[in-house]
Amino acid sequence: MKDYLVRVTENKRVAEDLYELSFAPKVGKFEQMKCGQFLQLQVPGLLLRRPFCLYKFDAESVTVAYAVVGKGTKEMIGLKKGDEFKVTLPLGNGWTLEEKHKKIVLLGGGVGCAPLAYVPITYPNRDYYAFFGFGDKSKVAFESEMSENSRLTVITTDDGSYGEKGFPTEAFEKRLQEIQPDVLLACGPRPMLKAAARLALKYNLAAYASTEERMGCGVGACLVCACAVKQADGSVAMKRACADGPVFKLEDLVL
């Protein structure tokens, strides 16, 4: 984890209310990062930093995807090439695939698809099957990136205006027996994670989820991002999504 002064290289709209912000360190290079980790971004003019998952990254550049939902993200739309701000990265534990995980399902909803997009780059030479869901055609994103790196990419929309009508969990279940996956990685709205948890239990499938809790400090001190996680003895403990997560075993999350 390190604080960096960075400079904007690109800030573009990719779908309705969805943007991609790319930036590079003003001096030196970024330290090693892992897919599924996140960063804390200092929006110019605002006090509290905002958390964003690592979407695309290497030692010289990072891209985050952000949905315009509040004051901070509305301010970010105005960032131009050359603008400077500070980020702290990398934070959190990220995705970890074991050697036995050969067939991986990536299940995402909305901007929650972003932390899944770089898994095939980090863990190449495996079979990936992506199921991404959006509200309607205007909000669809990440499709081309996943199509390049997966055996199958299925896009669903709630209203059927693009891809398959329905939810990504439904599209996945229809193909589950055919795919026979080894592990499921999921990120998205809570209802989607609940549906994914039911599928994982029903089909005895190993599954991990990245939570989307609100965060304050990003390093585990403020406890704003506490989430309920089941323990081995059956009890429930409050864990910090930023420091203990954001990735947890899906079966352990109390959703």
Side-chain angles (χ1 to χ4, degrees), residues 1-2 4 6 14 18 20-25 29-41 50-67 87-133 141-153 168 172 181-188 192-193 196 205-213 215 218-219 225 241-250 253:
M1 178 182 69
K2 184 178 176 181
Y4 295 88
V6 300
V14 294
L18 183 66
E20 290 180 11
L21 174 66
S22 301
F23 48 85
K29 296 183 178 182
F30 291 123
E31 62 183 73
Q32 187 174 1
M33 295 165 275
K34 180 180 179 182
C35 57
Q37 290 184 301
F38 70 98
L39 57 81
Q40 289 281 91
L41 187 153
R50 268 60 173 178
F52 296 95
C53 75
L54 296 173
Y55 170 38
K56 300 176 183 177
F57 57 89
D58 57 32
E60 298 180 347
S61 177
V62 166
T63 298
V64 298
Y66 65 98
V87 297
T88 303
L89 61 84
L91 299 166
N93 59 6
W95 305 108
T96 298
L97 291 180
E98 299 178 31
E99 188 61 34
K100 65 182 179 181
H101 296 149
K102 302 297 184 182
K103 293 184 177 181
I104 300 99
V105 167
L106 306 175
L107 183 69
V111 73
C113 299
L116 298 163
Y118 226 65
V119 177
I121 306 301
T122 306
Y123 297 97
N125 303 317
R126 308 191 192 205
D127 293 335
Y128 291 94
Y129 305 84
F131 297 86
F132 287 178
F142 314 110
E143 182 179 14
S144 60
E145 292 88 339
M146 288 312 309
S147 296
E148 293 174 2
N149 299 302
S150 61
R151 293 179 63 88
L152 173 69
T153 299
F172 166 49
D182 300 313
V183 67
L184 166 68
L185 307 183
C187 184
M192 190 204 79
L193 293 184
L205 177 61
Y208 297 84
S210 180
T211 59
E212 294 186 318
E213 306 295 334
M215 293 185 185
V219 295
C225 63
C242 64
D244 302 312
V247 175
F248 297 93
K249 285 186 178 180
L250 183 53
L253 286 173

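All values derive from a computational prediction rather than experimental measurement.
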Could you tell me whether the side chains of [X] and [Y] share a donor-acceptor contact shorter than 3.5 Å?
{"X": "Ser61", "Y": "Lys56", "value": "no"}
{"X": "Ser150", "Y": "Thr153", "value": "yes"}
{"X": "Glu145", "Y": "Tyr55", "value": "yes"}

For Glu31, which residues count as a salt bridge (charged side-chain N to carboxylate O under 4.0 Å, His left out) partner, sequence neighbours excluded?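 So Glu31 forms no salt bridge (charged side-chain N to carboxylate O under 4.0 Å, His left out) with any residue.
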Looking at Lys102, I'd like to know if its NZ atom is crowded, meaning that more than 12 non-hydrogen atoms belonging to other residues, nucleotides or ligands lie closer than 6.0 Å.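 Correct, the count exceeds 12.
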Please find the pair of heavy atoms, one from [X] and one from [Y], that lie closest to each other, and give the distance.
{"X": "Val119", "Y": "Tyr128", "result": "O-OH, 3.6 Å"}
{"X": "Gly36", "Y": "Pro246", "result": "O-CG, 3.7 Å"}
{"X": "Met192", "Y": "Gly109", "result": "SD-N, 3.6 Å"}
{"X": "Ala196", "Y": "Leu250", "result": "C-CD2, 3.7 Å"}
{"X": "Ala186", "Y": "Leu193", "result": "CB-CD2, 3.9 Å"}
{"X": "Lys34", "Y": "Gly94", "result": "CE-C, 4.4 Å"}

Any chance you could measure [X], atom [atom1], to [Y], atom [atom2], to the nearest 0.5 Å?
{"X": "Leu39", "Y": "Met1", "atom1": "CG", "atom2": "CE", "value": "12.5 Å"}
{"X": "Gln40", "Y": "Leu91", "atom1": "CD", "atom2": "CG", "value": "6.0 Å"}
{"X": "Tyr66", "Y": "Leu41", "atom1": "OH", "atom2": "CG", "value": "9.5 Å"}
{"X": "Phe52", "Y": "Thr63", "atom1": "CZ", "atom2": "OG1", "value": "13.0 Å"}

Met146 and Phe132: CA distance, side-chain angles, deciding distance, side chain to side chain contact (heavy atoms under 4.5 Å, CB included) verdict: CA-CA 10 Å; Met146 288 312 309; Phe132 287 178; 3.2 Å; yes
Quick check: do [X] and [Y] have side-chain heavy atoms less than 4.5 Å from each other?
{"X": "Leu106", "Y": "Pro120", "answer": "yes"}
{"X": "Leu185", "Y": "Val105", "answer": "no"}
{"X": "Ile104", "Y": "Tyr123", "answer": "no"}
{"X": "Leu18", "Y": "Val111", "answer": "yes"}
{"X": "Lys2", "Y": "Leu89", "answer": "no"}
{"X": "Arg126", "Y": "Leu97", "answer": "yes"}

With side chain to side chain contact (heavy atoms under 4.5 Å, CB included) as the criterion, how do Val87 and Val62 come out once you've worked through the C-alpha distance, each side chain's angles and the decisive distance to 0.1 Å? CA-CA 10 Å; Val87 297; Val62 166; over 6 Å; no
Report yes or no: does [X] contribute a side-chain atom to a donor-acceptor pair with the main-chain N or O of [Y] at less than 3.5 Å?
{"X": "Asp182", "Y": "Lys103", "value": "yes"}
{"X": "Gln37", "Y": "Gly92", "value": "yes"}
{"X": "Asn93", "Y": "Asp244", "value": "yes"}

Are [X] and [Y] close enough that their ring centres sit under 6.0 Å apart?
{"X": "Phe172", "Y": "Tyr129", "result": "no"}
{"X": "Phe30", "Y": "Tyr4", "result": "yes"}
{"X": "Tyr208", "Y": "Phe248", "result": "no"}

List the residues meeting side-chain contact (heavy atoms from CB on, under 4.5 Å) with Pro115, not counting sequence neighbours, and say none if there are none. Cys53, Trp95, Cys187
